[in-house]
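What follows is a set of notes on a single structure, which appears directly below.
In listed order, ligands and their atoms are each counted from 1.
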Amino acid sequence: MRRLTPDAAGLDEAARLLAAGELVAFPTETVYGLGADAANPEAIAKVFLAKGRPSDHPLIVHLPDEQALSAWVEQVPENARRLIAQFWPGPLTLVLPRAATVSDRITGGQDTVAVRVPNHPVARALLRRFGGALVAPSANRFGRISPTRAEHVESEFGDEVAAVIDGGACPVGVESTIVDLSGDKPRILRPGMVRSDAIAAELEQPLCQPGDNEGPRAPGRLASHYAPEVPLEAVAADRLHQRLAELLAAGQRVVVLARFERDRSAADTALSWIRMPRQPVQHARALYAQLRHADALHPDRILVEQVPAGEGWDAVRDRLARACA
Ligand code: TXA
Ligand code: MG
């Protein structure tokens, strides 16, 4: 895999590779996406192959702007217009009734399509240069932690992926919020940093929350996902030192991710302590890189402090629950 710089030459080369049916990973504000020409069925097939993703799990179509939407959806309902006006470009994906021309390979055979306009400057510049839509799942192998840096993408894939554009660390750090607007009531399929209370306020309507078993298959909705290789356990802050003591006493090597410092009694060579940010926006930005870092230390177990209840933490809580499952 080649590493491209996000300048004119790098973006031209990326657009050329995509037009030739190759896969190019690129930064978005959320995580790195594994990009392919959304109009090229063979390129889309390569995405599923490289990720090891089951073919019935649908992809998000990334668009340069709102004007490009009409080619992909049957119509743009009023509630979608409101969310687009408020949150696009940005980390919000809409699930809408698809246009008849959209390939089953993208939608997994469903009658809806997921679309978003990212706001990362490199993603936007690439979409403009390419001049079409890109499918872009997170650039990780199926079930693994999403990449937030170009190095993460390189460690996931070999030469099945032609190139990655290095845009540094992703500012949001967890995947986009997904709202399904194709049914009677708007429904959150995946919480993200566009908060569901902000979406409900914009729609002047309560939202159905994830958790019920209805709705289309979505890998991000499988219980076990976004997972490191080492077993991960979430513990309440006030139980963390006790649980840690038990594990260390049992001879386990442990990495802790917590929003507070270790107390001095917890000094132990079998222990690494990773200090996480206290606030949700910063915590989300750091989460995947720190999980990868913890994993790479090859402990017997990763202990992570449970995050507080409350809206701002929904996305982080969701990803931690899946990583533990
Ligand atoms: O932030 C993001 O959304 C990143 C960046 C790269 O844009 N992309 C991403 O893609 O997270 P992926 O493929 O890893 O996750 C897309 C999620 C999956 O859970 C998929 O099942 C769901 O979107 N999805 C796609 N199309 C859908 C549809 N028509 N109905 C319901 N869910 C859908
Ligand atoms: Mg993913």
Practice prompt. Check Met193 against ligand 1 and report side chain, backbone, both or neither, counting heavy atoms closer than 4.0 Å.
Written response: neither
Discussion item. Residue-level breakdown please: for His57 versus ligand 1, do any non-hydrogen atoms fall below 4.0 Å on the side chain, on the backbone, on both, or on neither?
Written reply: neither
Item to complete: From atom 16 (C) of ligand 1, work out which of Asp111, Ile60, Val47, Val102 has a heavy atom at the shortest distance.
Response: Ile60
Worksheet item: Side-chain heavy atoms under 4.5 angstrom apart, residues restricted to Ile, Leu, Val, Met, Phe, Trp, Tyr: same cluster for Leu297 and Leu257?
Response: yes
Discussion item. Heavy-atom pairs closer than 4.0 Å: do any link ligand 1 to the side chain of Ile178, the backbone, both, or neither?
Written reply: side chain
Worksheet item: If you measure from each non-hydrogen atom of Thr107 to ligand 1, which part falls under 4.0 Å: side chain, backbone, both or neither?
Response: neither
Discussion item. Within ligand 1, which atoms have a heavy atom of Arg53 less than 4.0 Å away?
Written reply: 12 (P), 13 (O), 14 (O)
Worksheet entry | Sub-4.0 Å atoms of ligand 1 with respect to non-hydrogen atoms of Gly33 | 6 (C)
Worksheet item: Which residue from Ser138, Ala136, Ala139 reaches closest to atom 14 (O) of ligand 1 through any of its heavy atoms?
Response: Ser138
Worksheet item: Are His57 and Phe142 near enough that their ring centres are under 6.0 Å apart?
Response: yes
Fill in: Distance-only polar pair, side chains of Tyr288 and Glu175, donor-acceptor under 3.5 Å
yes
Worksheet item: Would Glu29 count as a contact of ligand 1 if the rule is a heavy atom under 4.0 Å away?
Response: no
Worksheet item: Taking 4.0 angstrom as the limit, do Arg301 and Glu233 come out as a salt bridge?
Response: yes
Worksheet item: From Asn140, does some N, O or S atom reach closer than 2.8 Å to the Mg ion (ligand 2)?
Response: no
Worksheet, complete the sentence: Sequence neighbours excluded, the answer for side-chain hydrogen bond (donor to acceptor under 3.5 Å, both in side chains) partners of Asp166 is Arg3
Worksheet item: If you measure from each non-hydrogen atom of His62 to ligand 1, which part falls under 4.0 Å: side chain, backbone, both or neither?
Response: side chain
Discussion item. Under 4.0 Å, heavy-atom basis, I'd like to know which part of Thr30 is in contact with ligand 1: side chain, backbone, both or neither.
Written reply: side chain
Worksheet entry | Ion pair Asp12/Arg16, N-O distance below 4.0 Å | no
Item to complete: Please could you name the atoms of ligand 1 that Thr112 approaches to less than 4.0 Å, counting only its heavy atoms?
Response: 28 (C), 29 (N), 30 (N)
Discussion item. Can you tell me which residue among Lys51, Arg292, Arg149 is in a salt bridge (Lys or Arg N to Asp or Glu O under 4.0 Å) with Glu156?
Written reply: Arg292
Discussion item. I want to know if ligand 1 touches Arg116 in the polar sense, i.e. an N/O pair below 3.5 angstrom.
Written reply: yes
Practice prompt. Using the test side-chain contact (heavy atoms from CB on, under 4.5 Å), find all partners of Asp111 that sit at least two apart in sequence or belong to another chain.
Written response: none
Discussion item. Suppose I only count heavy atoms of Ser176 and a 4.0 Å limit; which atoms of ligand 1 are within that range?
Written reply: 1 (O), 2 (C), 3 (O)
Item to complete: Would you please say whether a donor-acceptor pair under 3.5 Å links the side chains of Thr112 and Ser182?
Response: no
Item to complete: Any atoms of ligand 1 less than 4.0 Å from a non-hydrogen atom of Leu189? List them with their elements.
Response: 31 (C), 32 (N)
Worksheet item: Trp88 and His62: aromatic ring centres closer than 6.0 Å?
Response: no
Item to complete: For Ala114, counting its heavy atoms only, list the atoms of ligand 1 lying under 4.0 Å from any of them.
Response: 25 (C), 26 (N), 27 (C), 29 (N)
Item to complete: Would you mind checking if Arg98 and Asp104 are paired as a salt bridge, meaning a charged N to carboxylate O distance below 4.0 Å?
Response: yes
